[in-house]
Chemist: 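Below is one structure. I have some questions about it.
Any value given below was found using the heavy atoms of this structure, including those in side chains, with hydrogens, waters and symmetry copies removed.
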Amino acid sequence: LQRSRSLFFDQPWTQVVLLCLELVDYCALPQHDDHWVAARAGLPIEVVRDCIEALADAGQITKRGQHWSQKQVRAINMQRTETDVRTNKAFWSHQAIQRFESRASGMFSHNLFTVTDADFKRLQELHRSYFLAVRSLVADSQPGERIVLATMGMQALDG
């Protein structure tokens, strides 16, 4: 459990590789192919190989026939230190920015505005509700066909 939690923070790309192993297209391959995972995830082959090794060492995946598959899925409390959590969020936000700057397909939007303090609190509530609705839809969406990075943020710029 501790090794799984450590991978989440220390090797965040393992989570993308893990998701690749759940995709319908991966399961349809005749056998595991690091190059396919690398191409699908947009990662260097060395990163994929390191991630597979780390996931196997942590016991998160096992070889079943010709494919790697996730062992029994269990909820893992990913809270460590506030610094770890912020670093992880910054990593994924940076990935979203890099994709945007490289003109990758996707939805990118922003809105800059002024509101009352009361409306800012309401916007924060809406943001939390939206986040929970996304998580609920994701939890019910089977089988896996796409790997998606959703970044959501809202901050007061004036303090």
Side-chain angles (χ1 to χ4, degrees), residues 1-110 126-155:
L1 193 59
Q2 184 58 39
R3 287 186 303 182
S4 297
R5 184 180 294 127
S6 293
L7 285 180
F8 181 85
F9 289 101
D10 301 336
Q11 290 180 265
W13 285 121
T14 57
Q15 303 313 299
V16 173
V17 170
L18 191 60
L19 292 172
C20 272
L21 303 180
E22 295 178 10
L23 292 172
V24 170
D25 292 345
Y26 172 79
C27 295
L29 294 173
Q31 64 186 18
H32 173 79
D33 183 348
D34 286 340
H35 292 280
W36 184 92
V37 174
R40 185 66 183 253
L43 295 173
I45 189 73
E46 299 80 20
V47 171
V48 170
R49 288 181 176 143
D50 289 346
C51 289
I52 293 286
E53 183 179 337
L55 288 163
D57 288 347
Q60 281 192 268
I61 60 172
T62 188
K63 199 78 180 260
R64 290 197 178 117
Q66 296 296 313
H67 294 84
W68 287 102
S69 64
Q70 188 171 180
K71 285 192 172 181
Q72 182 180 9
V73 179
R74 58 185 166 189
I76 299 172
N77 179 351
M78 291 301 180
Q79 298 300 316
R80 287 207 316 196
T81 68
E82 182 180 341
T83 300
D84 290 335
V85 172
R86 292 176 72 79
T87 299
N88 188 264
K89 288 179 181 183
F91 175 84
W92 290 113
S93 295
H94 182 71
Q95 298 310 311
I97 289 168
Q98 284 185 318
R99 299 275 175 143
F100 173 73
E101 288 175 341
S102 70
R103 300 185 186 276
S105 64
M107 298 175 63
F108 303 94
S109 58
H110 75 277
L126 288 170
H127 183 80
R128 284 185 203 95
S129 295
Y130 172 70
F131 180 77
L132 292 174
V134 168
R135 297 273 310 254
S136 177
L137 189 147
V138 168
D140 294 339
S141 183
Q142 293 295 328
E145 297 172 331
R146 301 295 306 263
I147 299 170
V148 177
L149 169 60
T151 55
M152 299 171 234
M154 181 181 305
Q155 297 174 315

Chemist: Please report the interatomic distance CG(Leu19) to CD1(Ile147), rounded to the nearest 0.5 Å.
Modeler: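 Taking CG in Leu19 and CD1 in Ile147, the distance rounds to 5.5 Å.
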Chemist: Return the CG to CH2 distance between Leu149 and Trp92, rounded to the nearest 0.5 Å.
Modeler: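 Output value for this atom pair is 6.5 Å.
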Chemist: At what distance, to the nearest 0.5 angstrom, does CG of Leu23 lie from CZ of Arg146?
Modeler: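 Result: 9.5 Å between the selected atoms.
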Chemist: May I ask you to check whether over 12 heavy atoms, not counting those of Tyr130, lie within 6.0 Å of atom OH?
Modeler: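 Atom OH in Tyr130 is not packed in, count stays at 12 or less.
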Chemist: Would you call Trp13 and Gln95 a side-chain contact if the rule is heavy atoms closer than 4.5 Å?
Modeler: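 Of all side-chain heavy-atom pairs linking Gln95 with Trp13, at least one is under 4.5 Å.
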Chemist: So how far is it from Gln70 CD to Glu22 CD, rounded to the nearest 0.5 Å?
Modeler: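 So the gap between those two atoms works out to 4.5 Å.
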Chemist: Give the minimum heavy-atom separation between Gln142 and Gly144, together with the two atoms involved.
Modeler: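 Smallest interatomic distance, heavy atoms only, reads OE1-N, 4.1 Å.
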Chemist: Do Tyr26 side-chain atoms and Trp68 backbone N/O form a donor-acceptor pair below 3.5 Å?
Modeler: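 Flag set: sc Tyr26 to bb Trp68 pair under 3.5 Å.
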Chemist: Of the non-hydrogen atoms in Leu7 and Ala58, which two are nearest, and what is the gap between them?
Modeler: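 Nearest pair, atom of Leu7 first, then Ala58: CD1-CB, 3.6 Å.
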Chemist: For Gln98, does the CD atom have more than 12 heavy-atom neighbours from other residues, nucleotides or ligands under 6.0 Å away?
Modeler: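 Atom CD in Gln98 is packed in, count exceeds 12.
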Chemist: Do side-chain atoms of Ser136 reach the backbone of Leu132 as a donor and acceptor pair under 3.5 angstrom?
Modeler: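 Absent.
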Chemist: Measure from the side-chain N and O atoms of His32 to the backbone N and O of Lys63, and report whether any donor-acceptor pair falls under 3.5 Å.
Modeler: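 No; judged by distance alone, with no hydrogens or angles, the pair does not exist.
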Chemist: Could you check if a side-chain atom of Leu21 sits within less than 4.5 angstrom of a side-chain atom of His67, using non-hydrogen atoms only?
Modeler: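 No - every pair of side-chain heavy atoms lies 4.5 Å or more apart.
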Chemist: How far apart are the C-alpha atoms of Ser69 and Thr62, what are their side-chain angles, what is the distance that settles it, and do they pass the side chain to side chain contact (heavy atoms under 4.5 Å, CB included) test?
Modeler: CA-CA 6 Å; Ser69 64; Thr62 188; 4.3 Å; yes
Chemist: For Ile61 and Ile52, which heavy atoms make the closest approach, and how far apart are they?
Modeler: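 In this case the closest contact between Ile61 and Ile52 is CD1-O, 3.7 Å.
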Chemist: Looking only at heavy atoms, what is the nearest atom pair of His127 and Gly153, with distance?
Modeler: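 Shortest heavy-atom separation between His127 and Gly153 comes out as CE1-N, 3.6 Å.
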Chemist: Can you tell me how far the CZ atom of Phe91 sits from the CZ atom of Phe9, to the nearest 0.5 Å?
Modeler: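 Taking CZ in Phe91 and CZ in Phe9, the distance rounds to 13.0 Å.
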Chemist: Quick one: CG on Asp34 to CG on Asp50, what's the gap to the nearest 0.5 Å?
Modeler: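 If I round to the nearest 0.5 Å, the distance is 10.0 Å.
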